[in-house]
Each structure stands twice: as C-alpha cells, then as structure tokens.
Amino acid sequence: CPECPTCPECPTCPETPSTPAPPDLCLGEASQGDSRQLEALMDLAQEGAMAGRAIARRANGPRAKTLSALACDHRMALRRLSAAYFLITGKRYAPKCAAPALPASLAMALRQQFVWEQQWERQNTQAAQATADPCLKELYQELAQEGALHAGCIRSLLEQMG
C-alpha cells in the first residue's frame, strides 16, 4: 500500500472565520481624555509663537529671518493642535496666555527661548508616551522633534553672536 499505515493522521485546524482587526481610529471621541493635554500644549504653542515674534523683532538680518521662521512653526503647531482638539471634542479652544516677559538683551532672550524649546520638546514627548491615539502620538512626536531642532537653531545663533 502506498500510504504508511503507522503514520498518524494530521490534525485539522478548527474553522475560524478570519476577521481583520479594526483599524485604529484617530482623533475621535475615544480620545476625549487627551483634551486637557491638548489645551496645555496649545497654550504653550501660543506662548512660544508670541515669544518668538517678540525676539525676532529685536534681531536683524538673517537672525531675524530664522527667529521669524521659528515663531511661524509655533503658530503652525497651534493650528495643528487646534485641529486635533476640534476633531476630538467638536469645540474650538482659544489659548489663554499673556505675552511672555523677555529679558532686555537679545542674547538673554535667546537663552530663555532655548530653555523653553527644551521644555516644549519634553512636554510633547511625555504627551506622546501618554496617549493611546496613534494620530496624536505622531503629532506630539513631530512637535517634540521640532522643539529639538529649534533649540539647535537658537544655540547656533548664539554661537554666531560670539
């Protein structure tokens, strides 16, 4: 006989319908718990944009252009965070922060903004680690990366000032 009589019969797998896992939903009502964090980050982004504009007005030439670009990045961050907040809550949020007090000298103002950028990076990194929403996680990670780049730009400007 061509078949081996001593070989056990192969087990059969139970029939289970293969249902794909549902996709991760982003920026929906399930992320309501992230709204307070978003509000705090929007306040910070507004603060960063205001400080950046004020510092850029003190500078001239290429320095002013670089600092204006950093302030623009924070205005864009505020818009991105605002859009996420609206998608999650269905409400608009207006940041409530006063114009930051800046030191009189440009170098000291840049030093203060350098520290602020590091704090911005850290706040976004912590928010990324704390959220379960994959879209928010990605947004926070991108904003943290921008904070690190901004701190590097400010350090470079201070190096050029000597």
| request: Show your working on side chain to side chain contact (heavy atoms under 4.5 Å, CB included) between Gln129 and Tyr140 and close with a plain yes or no. | output: CA-CA 9 Å; Gln129 292 167 349; Tyr140 295 151; over 6 Å; no

| field | Worked verdict on Asp73 versus Met76 for side chain to side chain contact (heavy atoms under 4.5 Å, CB included) | value | CA-CA 5 Å; Asp73 284 350; Met76 179 60 78; 5.6 Å; no

| CA sep, side-chain torsions, deciding dist, call: Trp116, His74, side chain to side chain contact (heavy atoms under 4.5 Å, CB included) | CA-CA 12 Å; Trp116 184 92; His74 286 297; 3.2 Å; yes

| field | Step-by-step side chain to side chain contact (heavy atoms under 4.5 Å, CB included) determination, Leu38 to Leu136 | value | CA-CA 9 Å; Leu38 280 164; Leu136 281 178; 4.0 Å; yes

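Of the possible donor and acceptor atoms, one in the side chain of Gln32 sits under 3.5 Å from a partner among the backbone N and O of Ile88. Between the side chain of Asp133 and the backbone N or O of Leu27 there is at least one donor-acceptor pair closer than 3.5 Å. Side chain of Thr131 to backbone of Ala127: no donor-acceptor contact under 3.5 angstrom is found. In this structure, Ser156 contributes its side chain and Gly152 its backbone to no donor-acceptor pair below 3.5 Å. The main-chain N or O of Asp34 is never found under 3.5 Å from a side-chain atom of Ser31 such that the two would form a donor-acceptor pair.
Around atom CD of Gln145, no more than 12 heavy atoms belonging to other residues, nucleotides or ligands sit under 6.0 Å away. Counting non-hydrogen atoms of other residues, nucleotides and ligands closer than 6.0 Å to CZ of Arg111 gives a total of 12 or fewer. Atom NZ of Lys96 is surrounded by more than 12 heavy atoms from other residues, nucleotides or ligands within 6.0 Å.
Interatomic distance, CD of Gln46 versus SG of Cys97, reported as 4.5 Å (0.5 Å rounding). Separation of atoms OH (Tyr85) and CD (Glu39) is listed at 3.5 Å; rounding is to 0.5 Å. A distance of 5.5 Å separates CG in Leu81 from CG in Leu143, rounded to the nearest 0.5 Å. For the atom pair CZ (Arg57) and CG (Leu102), the distance works out to 9.5 Å, reported to the nearest 0.5 Å. Here the CZ-OG distance, from Arg53 to Ser68, works out to 10.0 Å after rounding to the nearest 0.5 Å. Atom CG of Asn124 sits about 12.5 Å away from atom NZ of Lys137, to the nearest 0.5 Å.
Annotation for Ala144 and Glu121: closest pair O-CG, 3.3 Å, computed over non-hydrogen atoms. Considering all non-hydrogen atoms of both residues, Pro103 and Met108 come closest at CB-CB, 3.5 Å.
No side-chain donor from either of Glu146 and Trp120 sits under 3.5 Å from a side-chain acceptor of the other. Checking Asp43 against Tyr93 by side-chain atom types alone, a donor-acceptor pair falls below 3.5 Å.
With Phe86 as the aromatic partner, Arg92 meets the cation-pi criteria of under 6.0 angstrom to the ring centre and within 45 degrees of the ring axis.
At a threshold of 4.5 Å between non-hydrogen side-chain atoms, the residues Arg80 and Leu139 count as touching. Side-chain contact between Arg75 and Cys72: present, with at least one pair of heavy atoms (C-beta onward) separated by less than 4.5 Å. Side-chain atoms of Leu110 and Leu67, non-hydrogen and from C-beta on, do get closer than 4.5 Å to each other. Side-chain contact check for Leu70 versus Ile154: some heavy-atom pair is nearer than 4.5 Å.
For the side-chain hydrogen bond (donor to acceptor under 3.5 Å, both in side chains) with Glu117, the qualifying choice from Gln112, His150, Arg122 is His150, the only one to do so. Only one option out of Gln113, Arg63, Met50 pairs with Ile55 in a side chain to side chain contact (heavy atoms under 4.5 Å, CB included); it is Gln113.
Cluster membership for Leu87 and Leu78, using ILVMFWY side-chain heavy atoms within less than 4.5 angstrom, is shared.
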